[in-house]
There are 2 protein chains.
Amino acid sequence: MRNGRITMGDVARAAGVSPMTVSNAYRYPERVQDATRRRILEVAADLGYVPNLAAGSLAAGQSRVIGGAIPSMRNSSFYRYILGMQHAVAEAGYKLVLMLAEGIEQERQAVQTLVGLRVEGIVLVGNEHHSDTASLLSKTATPVVESWALEDAMDMCVGYDTAEATRAMVRLHASHGRRRIALIVYEGAVSRRFKMRIPAYEQQMRALGLTPDLVQHVQETDGFGAGPRALDALLQRAPDLDAVICPTDIIAAGAVFECGRRGIDVPGRIAVSGWGDYEIASEMTPGLTTIQPNAWEIGEAAIRMIVQRQRGRPPAEPATDTGFDILRRASA
Amino acid sequence: MRNGRITMGDVARAAGVSPMTVSNAYRYPERVQDATRRRILEVAADLGYVPNLAAGSLAAGQSRVIGGAIPSMRNSSFYRYILGMQHAVAEAGYKLVLMLAEGIEQERQAVQTLVGLRVEGIVLVGNEHHSDTASLLSKTATPVVESWALEDAMDMCVGYDTAEATRAMVRLHASHGRRRIALIVYEGAVSRRFKMRIPAYEQQMRALGLTPDLVQHVQETDGFGAGPRALDALLQRAPDLDAVICPTDIIAAGAVFECGRRGIDVPGRIAVSGWGDYEIASEMTPGLTTIQPNAWEIGEAAIRMIVQRQRGRPPAEPATDTGFDILRRASA
DNA sequence: TTTCCGGGTTCCACGGAAACG
DNA sequence: CCGTTTCCGTGGAACCCGGAA
């Protein structure tokens with residue numbers, strides 16, 4: 001008990017058993033008599049003992065921990081995603097530790113730490129990473145799931161087809177007679193995740209005989225404020241604009257609020273659609289028509305893929321498509 | 001290199017030095033010649049080696065990791081809080097790992113895991129915890145900061161005076177001639193954090209000669225939807241309601257949207273104030289008057305308190321008040 | 001129950017090179 | 001000029017806590 005830390009040996013001594021019995025009491029409860037086990041746990045609680053996961057993982061070669069590097073925790077869609085992961089780890093008897101990773105450099109550091117912790121698997125978001133990240137993960141043979149993406153996976157991935165979602169949204173607007181349909185995308189650190197929407201937009205617009213000339217970029221860091229700015233830019237480029245496909249519900253909400261200030265009727269003059277089914281989408285007026293991405297399922301599937309891999313199951317599908325829905329509300 | 005894992009010894013062999021030199025190259029770069037060190041790191045990168053933090057923390061008795069048990073990641077106020085923590089850990093050369101802890105039972109498990117990981121400090125939210133959590137932390141002598149709270153701390157705490165903020169908001173409404181001022185509070189898992197606003201409301205109302213009879217409870221899990229419900233309940237109780245103090249901007253936004261639907265003028269007939277300065281507060285119309293809690297500073301201070309404790313500094317103040325501001329916008 | 005082992009760190013001893021008398 | 005002191009980079013041994021046989 002030097003340096004004040006309680007060890008398994010201390011617990012063993014206090015409970016009058018051998019250290020091995022204490023270890024068994026935790027890892028293989030059925031190997032230890034009920035009464036003995038209860039006494040051990042009681043003594044441990046008394047002493048404030050918690051098994052040292054570091055020592056355990058070192059000795060056993062497994063940590064029962066899965067790590068996630070999450071780029072942003074600012075919206076409710078990601079929140080549902082994290083809840084899905086949490087559900088799946090609890091079910092499998094694992095623990096989930098999260099690290100904040102804004103941008104590929106922070107992600108690289110987070111992955112480095114998680115690998116250092118010898119987690120049994122890592123969940124990333126998107127498929128845009130630092131080159132070191134990929135090489136480190138492959139060299140250490142750490143199971144990785146790239147979530148919210150279905151292409152170019154280094155290992156496994158789970159998400160939905162954003163190109164198809166883009167096309168579906170274009171078709172929805174067109175089916176309501178809209179012809180001057182704009183697409184807003186983010187630029188900056190997360191650009192790649194959004195850029196693939198552009199060719200899908202162009203292709204679908206052309207297929208419908210429309211001109212795909214209204215692609216507008218906004219900064220990802222701008223939050224709500226980007227909505228008004230993007231709308232302003234689009235209206236200057238195309239006063240006859242009649243539909244806007246936004247990259248998130250946040251942008252869409254900002255755009256709708258701006259329309260309110262300018263006296264532009266939504267959806268009368270301009271239809272606005274969001275993306276992500278954030279909480280605000282159902283609560284504001286008009287309600288936002290949006291893409292609903294099954295965030296919870298993405299999180300759950302990401303964890304399950306790692307757990308299955310660890311259990312030696314046939315690597316299953318390396319890619320899981322969780323699909324999406326279009327939620328129709330008043331804004332489009 | 002059995003079981004495919006690269007160890008420090010493997011790197012040492014490949015670089016033609018002893019394992020000790022590799023260890024030094026990572027932990028005390030200045031002890032190793034520049035050329036040697038560069039060669040070692042190069043070989044390590046080549047092999048995909050990352051020092052095993054578990055082994056390191058076991059041997060060194062310190063992990064350079066701080067853990068956070070976060071109850072919710074669904075709003076932008078918490079997001080800024082996490083960014084503040086991230087900033088402070090980076091500055092101090094620590095790592096931050098987060099675990100989701102919705103409610104005191106999940107928090108207990110998260111704390112158990114973090115203690116098992118032998119993190120050097122733990123950040124919690126609020127001062128409402130499972131009794132096991134407190135006893136475990138005190139018995140293991142793990143530094144703890146309870147953030148977003150200034151009272152009843154088990155160890156250290158950082159936050160602002162919510163009672164004073166409540167009183168200030170009551171005074172603001174009253175100074176605009178409002179007399180039928182309502183207070184909405186959450187009930188459920190986080191209730192304690194909000195309940196202390198009630199006596200502050202009552203006290204300030206009485207001091208102003210007003211009747212503090214309009215306290216309304218809502219479920220914390222309801223998100224935006226709780227706003228309309230609470231407003232409805234209040235209007236039934238008091239048709240002459242003229243001001244509402246909401247527990248979050250989300251509730252406030254929901255209430256304002258509901259007023260819009262009902263044709264109630266905000267702030268003409270009813271003034272609405274929020275709490276937390278979420279992104280939506282500045283972007284919606286009317287903009288929300290709200291309490292701005294310095295979320296970033298709370299996160300930063302929480303980490304700094306732990307780091308200072310670890311560095312053996314005089315325990316500084318056990319409580320840090322980060323203050324708050326009232327942001328005046330159009331809604332009140 | 002005992003013993004050994006996992007991967008790394010602390011502490012200290014060692015040895016070569018530069019600086020000094 | 002050579003022997004000695006000092007400095008600094010490097011390596012050896014014991015040990016951290018818990019798991020498996």
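Values below: every heavy atom of this structure, side chains too, minus hydrogens, waters and symmetry copies. Throughout, a chain's letter reflects where its sequence line sits, starting with A, and its residues are numbered from 1. It should be emphasised that the depicted structure is a prediction, and the values quoted were computed from it without experimental measurement.
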In terms of side-chain heavy atoms of B:A55, which of C:dT1, D:dC17, C:dG7 is nearest?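 The closest nucleotide is C:dG7.
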
Under 3.5 Å side-chain donor-acceptor pair for A:S138 and A:S135: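 Not at all, the side chains of A:S138 and A:S135 share no donor-acceptor pair under 3.5 Å.
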
Are A:E107 and A:H130 close enough that a side-chain donor and a side-chain acceptor fall under 3.5 Å?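 No.
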
Gap between atoms [atom1] and [atom2], on [X] and [N] respectively (whole Å):
X	N	atom1	atom2	result
A:R13	D:dG18	CZ	P	12 Å
B:R118	C:dG7	CZ	C1'	17 Å
B:L53	D:dC16	CG	C1'	15 Å
A:I40	D:dG18	CD1	P	13 Å
A:M8	C:dG6	CE	P	19 Å
B:R37	D:dG9	CZ	P	12 Å
A:L58	C:dG8	CG	P	8 Å
B:R39	D:dT10	CZ	C1'	12 Å

Ion pair check, B:D46 and A:K139, cut-off under 4.0 Å: no

Counting Watson-Crick and G-U wobble pairs only, both distances under 3.5 Å, name the nucleotide matched with C:dT1, or none. none

D:dG9: pairing nucleotide in any strand, Watson-Crick or G-U under 3.5 angstrom: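 Its partner is C:dC14 (Watson-Crick or G-U wobble, both distances under 3.5 Å).
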
Are [X] and [N] close enough that a side-chain N or O sits under 4.0 Å from OP1 or OP2?
X	N	value
B:T21	D:dT10	no
B:S57	D:dC16	no
B:Y26	C:dG7	no

What nucleic acid atoms does B:V17 come within less than 4.0 Å of, heavy atoms only: base, sugar-phosphate, or nothing? sugar-phosphate

Give the ring-plane orientation class for A:Y160 versus A:W148, where under 30° counts as parallel, over 60° as perpendicular and anything between as tilted. perpendicular

Taking the side chain as every heavy atom from C-beta outward, state whether A:V22 and A:Y26 have any pair of such atoms under 4.5 Å apart. yes

Are the side chains of A:L137 and A:L124 in touch, meaning some heavy atoms are under 4.5 Å apart? yes

In 5'-to-3' order, the base (B), backbone-only (S) or no-contact (-) status of each nucleotide in nucleotides 10-16 of chain C, using a 4.0 angstrom heavy-atom cut-off, is BB-----

Please say whether more than 12 non-hydrogen atoms of neighbouring residues, nucleotides or ligands are located less than 6.0 Å from CD in B:E91. yes

